[in-house]
Every structure is written in structure tokens, then in C-alpha cells.
Amino acid sequence: MKFLLATATAALMALSIGSAFSIDLAPLNSDAEKDRIDWSQLEAKFGALPKLPDGTRAGAVSKTLTNEYWRSLGEGYKSFGDRVGVPVVYQAAQSEGDQLGQLTIAEGLVTQGYNVLLVSPQTDSNLQPIMEQAKAANVPVVNVNDAVIPQAEHYVGNVQRDNGVRVAKWFIKNRPDGGKVAIVEGQAGVYAAVQRTDGFKTTITEAGKFEVVASVPGNWDRQTSYDAASNILQQHPDLIGFYANNDGMALGIVEAVKAAGLEDKVAVFGTDGISDAYASIRAGELTGTVDSFPVLTGEVALESALRLVAGQKLPRVVATPQALITKDNADRYSGAGDAVRKALLEDAAAGN
């Protein structure tokens with residue numbers, strides 16, 4: 001109990017003093033922040049990675065390792081770290097709801113003397129206490145994807161709203177007669193879930209022929225999403241499609257659609273691009289996903305973090321890529337790392 005009270009007190013203190021140390025920075029909206037650069041322009045604008053101080057080490061804390069997306073992000077950290085000779089310690093909370101556990105891990109990494117900290121918060125607030133602690137220790141913090149710490153000085157990740165926009169545009173193009181659609185959201189209040197949901201809902205509603213008949217929480221959980229989708233299909237058997245805020249939830253929805261015998265009528269899209277999503281797409285079950293390329297994101301995030309350690313002044317946001325994946329283009333984006341990087345650089349050059 002004493003530990004919980006101490007942590008809660010630290011969180012409240014951080015909310016007040018955090019605004020003081022970043023008083024010249026507006027609360028971060030990573031999708032709309034104008035001080036940004038695309039990942040593909042980092043080397044062109046800032047040159048090769050500068051020489052780092054001897055003994056540089058990076059610490060990283062993620063939401064959980066039970067989700068493939070976050071394991072893949074760690075692979076990206078390790079890949080780039082191995083390439084430049086920087087060891088990376090990558091740790092995560094036991095579950096996506098273990099907010100206190102994640103904070104404890106982050107605090108430990110700062111006190112252990114790592115030169116930079118990369119964090120993927122579970123919520124927009126649970127890692128706020130770490131910001132002042134890291135600043136006092138002169139440790140740069142990079143917020144990597146998903147939830148967004150308002151006081152974050154540096155963020156690496158994709159445009160979350162665009163995930164939902166891309167799926168909505170698929171429906172508008174491929175279901176020109178419109179119809180009923182539903183959304184299964186991630187964790188309530190988390191920036192990525194809010195933005196993805198709004199991108200889809202606003203874009204598809206403005207098309208005029210679609211009705212969003214349900215937008216319900218799935219809490220990033222496959223079983224919860226299966227149950228939610230089953231209920232929605234019972235109420236709306238004429239539904240034409242679902243959008244889920246991540247792939248685990250989307251795969252649960254696919255099972256609900258199959259159980260209802262509606263797989264030929266209901267399109268299902270997810271977000272993240274995990275390997276199970278690609279396999280389901282190739283099997284003709286999941287209609288598609290928006291891949292945000294977590295391995296590449298991890299590489300770009302660590303590169304950005306190390307540029308900060310080397311003293312470079314980066315824009316507040318480094319934007320990473322995403323692509324809508326369907327059966328038609330799955331092979332283009334699922335090769336080895338260098339092949340995917342080449343495809344994404346081509347997309348960036350083409351403005352996609």
C-alpha cells in the first residue's frame with residue numbers, strides 16, 4: 001500500500017512539475033505536430049549517425065510482449081543496436097493493463113544509468129512520472145508509438161488517424177453502395193485508439209452512404225472482440241464490415257464472422273500488420289490490415305534516440321510509414337527487412 005501511495009504521489013507531482021520543465025512545448029499531438037520529419041529524410045537532413053560516447057547503452061520499455069507487434073518493435077531496436085554497436089535492454093509489463101508495472105520498469109532503467117530511454121506507454125499518463133526523473137538524469141526520452149505522453153519532447157511513430165482513414169477509403173472504393181459498418185476500439189482513452197477510431201468514423205461517415213451502427217471497446221483483446229462482434233452481428237445481420245484498432249481484435253472478429261456464416265458478406269480490417277494477420281489475409285479470411293511496420297519503427301526509433309545522445313537537434317516527431325495490406329499486395333510488404341525498407345522508401349518517394 002505504501003508503494004502504491006508513493007507512486008500515485010509521484011504521478012501527481014509529475015503532472016505539475018512536468019508542465020514546468022516543458023512549459024515552452026504544447027501538449028503533444030503526434031498526428032498534428034508541425035515540427036516533424038519523415039523517417040525517410042533523416043539521413044538526408046542530418047547526415048550519417050554521429051560518433052556516440054563510449055559505452056552508450058539504450059533502455060526500452062514496451063506495453064507487453066504478449067502482443068507480436070511489441071515483440072517486433074524490440075527486434076527493430078536490437079537490429080539497429082547490433083548494427084551500430086549499442087546494447088539495448090528491452091523490457092515490458094506483464095500485460096497491457098499493468099500500468100504500474102510498466103512505470104516501475106521505466107524508473108529502473110533510468111536509475112541503472114542507460115543513456116537514452118525509449119518508451120511505448122500503456123496510456124497517455126501512466127509514464128508521465130518518468131519524464132522529470134529522466135530529465136534530471138540528463139537522459140533523453142523518446143515516446144515510441146501508440147499512447148502519447150503530452151510532455152514528450154520526442155516521438156517516433158506513424159500517423160495514427162491515418163490507419164482508420166485508409167480502411168475507410170477501402171470501403172468507400174470497394175463497397176460503393178455503402179451499408180452498415182462497426183468499429184471495435186482499443187483501450188478507452190488511449191491516443192492511438194481514439195485517433196484510429198476517429199479517422200475511420202469521420203472519413204466513412206462523410207462519404208454519405210455508410211452508417212456506423214456500433215463503436216464498442218475491445219480493449220486490445222481477441223476474446224473480448226469476438227464477443228463484441230458476435231453481439232453486433234446478431235443485432236445487425238446485414239452489416240458489411242468491421243474495423244478493429246489492432247490485429248488481435250480483428251482476428252477475433254474474423255472468428256465471430258465465420259461462426260455467423262457471414263464470411264462472404266462481411267469485410268474485416270485490423271491494424272498493425274502482425275504475421276497472423278498476413279496469414280489470415282492470404283487464407284482469404286481477414287480482408288486486410290494497416291501495417292505500421294514495427295521492426296522498421298524500432299530501427300528508426302533507436303536511430304533517432306542515438307542521434308539525440310550524440311547531440312543532434314531533431315524535430316519533435318519522426319513519422320514512420322504505414323500501408324494498407326490486402327491479398328493483392330501482401331507479398332510486396334512481407335519480405336526480408338531490406339526488401340520491405342526498399343518498398344517503403346519507394347512509397348515515400350511517391351508520396352504514399
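Starting from 1, each residue takes its place in the sequence as its number.
- Here Leu251 contributes atom CG and Ser280 contributes atom OG; the two are 5.5 Å apart, rounded to the nearest 0.5 Å.
- Side chains of Pro140 and Leu117 form no contact here, defined as non-hydrogen atoms less than 4.5 Å apart.
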* Could you go step by step and tell me if Ser275 and Glu68 meet the side-chain hydrogen bond (donor to acceptor under 3.5 Å, both in side chains) rule? -> CA-CA 8 Å; Ser275 59; Glu68 182 188 326; 2.8 Å; yes
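- Ser40 and Asp38 share a side-chain donor-acceptor pair at under 3.5 Å.
- The line from CD1 of Ile281 to OG of Ser334 is 9.5 Å long, rounded to the nearest 0.5 Å.
- Put simply, the residue from Thr320, Leu118, Leu314 that forms a side chain to side chain contact (heavy atoms under 4.5 Å, CB included) with Val156 is Thr320.
- With no hydrogens or angles considered, no side-chain donor-acceptor pair links Gln235 and Asn231 at under 3.5 Å.
- Taking each heavy atom of Ala259 and Tyr226 in turn, the nearest pair found is CB-OH, 3.9 Å.
- Taking the side chain as every heavy atom from C-beta outward, Ser215 and Lys201 approach each other to under 4.5 Å.
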* Asked: After noting the C-alpha distance and the side-chain angles of Trp170 and Val290, does the key distance pass the side-chain contact (heavy atoms from CB on, under 4.5 Å) rule?
  -> CA-CA 11 Å; Trp170 183 94; Val290 183; over 6 Å; no
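- Residues Pro237 and Leu262 share a closest heavy-atom pair of O-CD1, 4.1 Å.
- Ala310 and Lys51 get closest at one heavy-atom pair: CB-O, 4.1 Å.
- Using a 4.5 Å heavy-atom threshold, the side chains of Phe80 and Leu306 count as touching.
- With a 4.5 Å cut-off on side-chain heavy atoms, Lys180 and Asp238 count as touching.
- For the side chain to side chain contact (heavy atoms under 4.5 Å, CB included) test with Tyr191, the passing option among Asn143, Thr123, Asn29 is Asn29; the others fail.
- The CD atom of Glu96 sits 7.5 Å away from the CD atom of Gln187 when rounded to the nearest 0.5 Å.
- Ring centers of Tyr243 and Phe269: at least 6.0 Å apart, outside the cut-off.
- In this structure, NZ on Lys63 lies 9.5 Å from OH on Tyr69, to the nearest 0.5 angstrom.
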* Which is it for Gln102 and Asp98 under the side-chain hydrogen bond (donor to acceptor under 3.5 Å, both in side chains) test, yes or no, and what are the steps along the way? -> CA-CA 6 Å; Gln102 191 188 39; Asp98 185 14; over 6 Å; no
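- Between the side chain of Asp247 and the backbone N or O of Gly273, at least one donor-acceptor pair lies under 3.5 Å.
- Using a 4.5 Å heavy-atom threshold, the side chains of Val213 and Leu239 count as touching.
- Looking at Asn246 and Ile274, their side chains never come closer than 4.5 Å, going by heavy atoms from C-beta outward.
- For the salt bridge (charged side-chain N to carboxylate O under 4.0 Å, His left out) criterion with Glu153, the lone passing option out of Lys135, Arg316, Lys313 is Lys135.
- Looking at Val216 and Ile183, their side chains never come closer than 4.5 Å, going by heavy atoms from C-beta outward.
- Among all heavy-atom pairs drawn from Leu127 and Ala106, the shortest one is CD2-CB, 4.3 Å.
- Thr202 places no side-chain N or O within 3.5 Å of a backbone atom of Gly199 that could act as its donor or acceptor partner.
- The side chain to side chain contact (heavy atoms under 4.5 Å, CB included) test with Val119 is passed by exactly one of Ile149, Asn126, Leu103: Ile149.
- If you take CZ on Arg307 and CG on Leu302, they are separated by 11.5 Å, rounding to the nearest 0.5 Å.
- For the 3.5 Å distance criterion, the side chains of Asp146 and Ser120 fail to qualify, holding no donor opposite an acceptor.
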* **Residue pair Gln322, Asp162: steps toward the side-chain contact (heavy atoms from CB on, under 4.5 Å) verdict** => CA-CA 9 Å; Gln322 62 250 60; Asp162 190 50; 3.4 Å; yes
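- Environment of CG in Asn138: sparse, with no more than 12 heavy atoms of neighbouring residues, nucleotides or ligands closer than 6.0 Å.
- The cluster map of Ile, Leu, Val, Met, Phe, Trp and Tyr, joined by side-chain heavy atoms under 4.5 Å apart, puts Phe171 and Val165 in different clusters.
- Considering CG of Leu286 and CD1 of Ile325, their distance stands at 11.0 Å, rounded to 0.5 Å.
- Linking ILVMFWY side-chain heavy atoms closer than 4.5 Å, directly or via other members, places Leu296 and Leu49 in a single hydrophobic cluster.
- When all heavy atoms are compared, the tightest approach of Pro321 to Asn158 is O-CB, 4.2 Å.
- In summary, the side chains of Gln91 and Ser62 do not present any donor paired with an acceptor at a separation below 3.5 Å, with no hydrogens or angles considered.
- Grouping the Ile, Leu, Val, Met, Phe, Trp and Tyr side chains by contacts below 4.5 angstrom, directly or via other members, places Val110 with Val89.
- Proximity of Val88 to Asp82: side-chain heavy atoms (C-beta onward) are nowhere separated by under 4.5 Å.
- Trp39 and Val340 fall within the same hydrophobic cluster, where Ile, Leu, Val, Met, Phe, Trp and Tyr residues are linked whenever their side-chain heavy atoms come under 4.5 Å apart, directly or through other members.
- Side chains of Gln195 and Arg161: a donor-acceptor N/O pair is absent below 3.5 angstrom, by distance only.
- Taking 4.0 Å as the cut-off between side-chain N and carboxylate O, Asp331 and Arg282 count as a salt-bridged pair.
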* **Criterion side-chain contact (heavy atoms from CB on, under 4.5 Å) on Phe210 and Ile240, from CA distance to verdict** => CA-CA 10 Å; Phe210 296 87; Ile240 67 165; 3.8 Å; yes
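- For the side chain to side chain contact (heavy atoms under 4.5 Å, CB included) test with Ser225, the passing option among Glu185, Glu255, Met249 is Met249; the others fail.
- Within 6.0 Å of atom CD in Glu346, more than 12 heavy atoms from other residues, nucleotides or ligands are found, so the atom counts as buried in its surroundings.
- Listed by first and then second residue, the ring-ring contact (aromatic ring centres under 6.0 Å, His included) pairs that reach into residues 273-293 are Phe293-Tyr333, sequence neighbours excluded.
- Inspection of the Ser79 and Glu299 side chains reveals an N or O donor paired with an N or O acceptor under 3.5 Å.
- Between Glu75 and Arg71 there is no salt bridge, since no side-chain N of the basic residue sits under 4.0 Å from a carboxylate O of the acidic one.
- Between Gln160 and Asn145, the side chains place a donor N or O and an acceptor N or O closer than 3.5 Å (distance only, hydrogens not considered).
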* Asked: Is there a side-chain contact (heavy atoms from CB on, under 4.5 Å) between Leu73 and Tyr90 once you walk through the steps?
  -> CA-CA 10 Å; Leu73 185 74; Tyr90 185 51; 4.1 Å; yes
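- Under 4.0 Å is where a charged nitrogen must lie from a carboxylate oxygen, and between Arg332 and Asp347 at least one such pair does.
- When each of Asp272, Asn219, Thr197, Thr271 is paired with Asn245, the side chain to side chain donor-acceptor pair (under 3.5 Å) condition holds for Thr197 and for no other.
- Hydrophobic clustering of Ile, Leu, Val, Met, Phe, Trp and Tyr side chains at less than 4.5 Å, counting indirect connections, unites Tyr77 with Val309.
- The two residues Pro217 and Val184 come nearest to each other via the heavy atoms C-CG1, 4.5 Å.
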